[in-house]
Amino acid sequence: MIDIRLLRDNPDTVRASQQARGEDPALVDAALDADARRRSSLAEFESLRAEQKALGKEVARAVGDEKAALLARTKKLAGQVKEHQAAAHEAEAELDELLYRIPNVIEGAPPGSEEDFLTLKSVGTPRDFAAEGFAPRDHLDLGEELGAIDTARGAKVSGSRFYFLTGVGARLELALLNAATDLALAAGFTPMITPTLVTPETMRGTGFLGAHADEIYRLERDDLYLVGTSEVALAGYHGDEILDLSGGPKRYAGWSACYRREAGSHGKDVRGIIRVHQFHKVEMFSYCSVDDAAAEHERMLGWEEAMLAKVELPYRVIDTAAGDLGTSAARKFDCEAWLPSQERFLELTSTSNCTTFQARRMNVRERTEGGTRTVATLNGTLGTTRWIVAILENHQQADGSVRVPEGLRPYLGGLEVLEPVR
RNA sequence: GGAGACGUCGCAUAGUCUGGUCUAGUGCGCCACCCUGCUAAGGUGGUAACGGGGCAACCCGUUCGCGGGUUCAAAUCCCGCCGUCUCCGCCA
């Protein structure tokens with residue numbers, strides 16, 4: 001939820017943000033209007049209520065005829081109070097409804113839609129397989145030969161977009177996620193294993209139930225949602241709390257299964273494990289002061305790049321365009337690794353600065369000298385199952401074996417090469 | 001799944017039976033000042049959040065798990081929900 005004060009004081013900023021995202025700027029004026037109505041009806045209710053309370057005290061003291069007369073007055077007043085209270089309630093609900101539909105105000109993101117991103121930098125050089133004398137194979141080919149990935153049985157057991165990681169594939173994922181956790185630990189994050197089923201309130205608070213609600217699995221019988229990322233649980237972790245951030249940001253590294261319906265992606269990335277319904281992820285999450293948020297965002301990007309360096313992948317960093325931002329994000333950087341089999345970049349990490357948007361919904365504040373204020377939240381990817389795709393493809397060798405990047409070897413018992421099993 | 005107990009301003013607790021003096025008391029913690037020659041003790045005062053109004057001092061309202069209801073008036077009475085704990089049952 002955006003700050004109502006920003007809306008009042010700088011409506012143009014919010015209108016411009018809506019415009020850049022390709023959203024409706026008229027929402028801003030509707031919200032301003034609802035806010036004015038809310039305030040005036042609230043003022044009416046409150047003055048009536050004050051009168052009622054004052055009279056109530058007199059009633060308690062009065063006796064006999066005097067009391068009867070007072071009761072007659074207050075009885076009438078009670079009806080009016082109730083009416084105005086209902087009106088104030090309604091005006092507030094209207095405002096809330098409008099405010100919930102306004103996504104976060106962008107902060108530095110380039111305007112436009114998905115293809116309007118800016119490339120901030122490119123790191124590493126994709127291998128020249130032609131020069132090496134062989135055509136790169138895709139991750140599923142490689143994975144099947146290594147006995148690492150089994151999508152056929154995944155489909156048999158659970159349907160399309162499910163898979164088994166088997167043998168060395170399972171070990172590779174554990175190695176990757178353990179390496180990510182260790183990196184987070186070294187950076188001062190507290191490792192967390194989080195719930196993957198959350199209440200509607202938690203899901204709504206993180207901004208995932210808006211435009212992209214289709215993406216989310218819901219358990220009707222229990223009124224719970226399956227999370228698409230541990231960000232959801234970690235954003236709810238300090239809900240309704242007032243934090244002490246005087247010692248710097250509170251940083252958590254969540255390890256969880258993630259679930260996505262992939263409702264709008266029919267026919268896209270259908271082969272292999274690029275786009276699946278269930279995967280694992282280590283996610284960074286940070287609660288920090290608003291003033292520190294942009295710097296924290298850069299730091300998160302830095303840790304992501306450190307992780308990419310560990311697995312020796314060529315990648316580029318993009319500044320996501322406003323129209324491609326999530327509801328909660330004010331700015332988002334993605335790291336995309338090169339995918340030799342498709343000769344394109346594939347998103348491996350994504351870090352968002354949600355400024356105070358999520359925290360306002362979840363009611364997370366910090367204590368400052370001047371009182372309390374809403375904190376900023378940020379999140380970023382440190383490792384996912386999808387990374388296996390890029391690792392297999394980029395480190396494949398002519399004979400179908402795959403070189404293990406040095407940063408992962410300690411997590412695989414020193415294993416240097418994954419060998420085909422058939 | 002069944003039964004019971006509980007949910008109060010950072011923590012602990014009083015208040016609920018018997019609705020109004022609760023503007024929610026007290027202790028601990030914390031902050032400021034005072035006293036005191038010393039890593040102590042004591043004294044005084046202060047110490048929730050949110051919203052609205054005001055240049056401001058300040059004023060008003062809301063919040064006693066959440067949501068309804070009864071009433072002139074609800075922490076207190078009634079209903080529903082959520083959560084915690086204990087016991088029982090069932091399952092892993």
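Annotation: B:rC22 and B:rU76 have their C1' atoms spaced 10 Å apart (nearest Å). Spacing between B:rU8 and B:rG15 at atom C1', rounded to whole Å, works out to 9 Å. Taking atom P on both nucleotides, B:rU18 is separated from B:rC9 by 25 Å, rounded to a whole Å. Comparing the C1' positions of B:rG7 and B:rC66 gives a spacing of 11 Å, expressed to the nearest Å. Comparing the C1' positions of B:rA24 and B:rC81 gives a spacing of 26 Å, expressed to the nearest Å. Comparing the C1' positions of B:rU70 and B:rG19 gives an interatomic distance of 12 Å, to the nearest angstrom. For the P atoms, the distance from B:rG68 to B:rC90 is 41 Å, rounded to whole Å. Taking the P atom of each, B:rC64 and B:rA75 are spaced 7 Å apart, rounded to whole Å.
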Could you write nucleotides 48-61 of chain B as a row of B, S and -, 5' to 3', where a protein heavy atom under 4.0 Å of any base atom gives B, of only sugar-phosphate atoms gives S, and otherwise -?
-> -SSBSS------BS

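The partner of B:rU70 is absent, by the rule that a Watson-Crick or G-U pair needs both atom distances under 3.5 Å. For B:rC28, the paired base is B:rG10 (Watson-Crick or G-U wobble, both distances below 3.5 Å). Look at B:rU76: it lacks any Watson-Crick or wobble partner with both distances under 3.5 angstrom. Searching all strands for a Watson-Crick or G-U wobble partner of B:rA5 with both distances below 3.5 Å returns B:rU84. Across every strand in view, B:rG89 sits unpaired, with no contact that passes the Watson-Crick or G-U test at under 3.5 angstrom. Across all strands shown, B:rA40 forms no Watson-Crick or G-U wobble pair with both distances under 3.5 Å. Pairing for B:rG61 goes to B:rC50, judged as Watson-Crick or G-U wobble with the two contacts each under 3.5 Å.
Residue pairs meeting the side chain to side chain donor-acceptor pair (under 3.5 Å) criterion with at least one partner in residues 171-183 of chain A, sequence neighbours excluded, are A:Glu173-A:His280, A:Glu173-A:Thr385, A:Asp182-A:Tyr411. The stretch residues 236-249 of chain A participates, sequence neighbours left out, in these side chain to side chain donor-acceptor pair (under 3.5 Å) pairs: A:His238-A:Glu241, A:His238-A:Tyr252, A:Asp240-A:Asn363, A:Asp244-A:Ser246.
Residues forming a side-chain hydrogen bond (donor to acceptor under 3.5 Å, both in side chains) with A:Gln18 (at least two apart in sequence, or on another chain): none. The side chain to side chain contact (heavy atoms under 4.5 Å, CB included) check on A:Arg15 picks up A:Pro11, A:Asp12, A:Pro25, A:Val28, A:Asp29, A:Leu32, with sequence neighbours excluded. Contacts of A:Arg8 classified as side-chain hydrogen bond (donor to acceptor under 3.5 Å, both in side chains), with partners at least two apart in sequence or in another chain: A:Asp35. Partners of A:Glu107 according to the side-chain hydrogen bond (donor to acceptor under 3.5 Å, both in side chains) rule, which considers only residues two or more places apart in sequence or in another chain, do not exist here.
Considering only side-chain N and O atoms, A:Lys82 lies under 4.0 angstrom from the phosphate OP1 or OP2 of B:rU70. Here A:Gln52 does not reach the OP1 or OP2 of B:rC72: none of its side-chain N or O atoms lies under 4.0 Å away.
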Under 3.5 Å, which donor-acceptor pairs do the side chains of residues 295-302 of chain A form with other protein atoms, sequence neighbours left out?
unit_1, atom_1, unit_2, atom_2, d
A:Glu296, OE1, A:Arg251, NH2, 2.8
A:Glu296, OE1, A:Arg299, NE, 2.8
A:Glu296, OE1, A:Arg299, NH2, 2.9
A:Glu296, OE2, A:Arg251, NE, 2.7
A:Glu296, OE2, A:Arg251, NH2, 3.4
A:Glu296, OE2, A:Ser286, OG, 2.8
A:His297, NE2, A:Thr351, O, 2.9
A:Arg299, NH2, A:Asp292, OD1, 3.1
A:Arg299, NH2, A:Asp292, OD2, 3.0

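Other residues, nucleotides and ligands contribute over 12 non-hydrogen atoms within 6.0 Å of the CD atom of A:Glu201. Surrounding CZ of A:Arg409 are more than 12 heavy atoms belonging to other residues, nucleotides or ligands, all under 6.0 Å away.
In this entry the distance linking CG of A:Leu48 with P of B:rC72 reads 17 Å, nearest Å. In this structure, A:Asp244 places its CG atom 13 Å from P of B:rC31, rounding to the nearest Å. The NE2 atom of A:His89 sits 13 Å away from the P atom of B:rC66 (whole-angstrom rounding).
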Under-3.5 Å N/O pairs linking protein and nucleotides 90-92 of chain B:
none

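For the 3.5 Å distance criterion, the side chains of A:Asp334 and A:Ser350 qualify, holding a donor opposite an acceptor.
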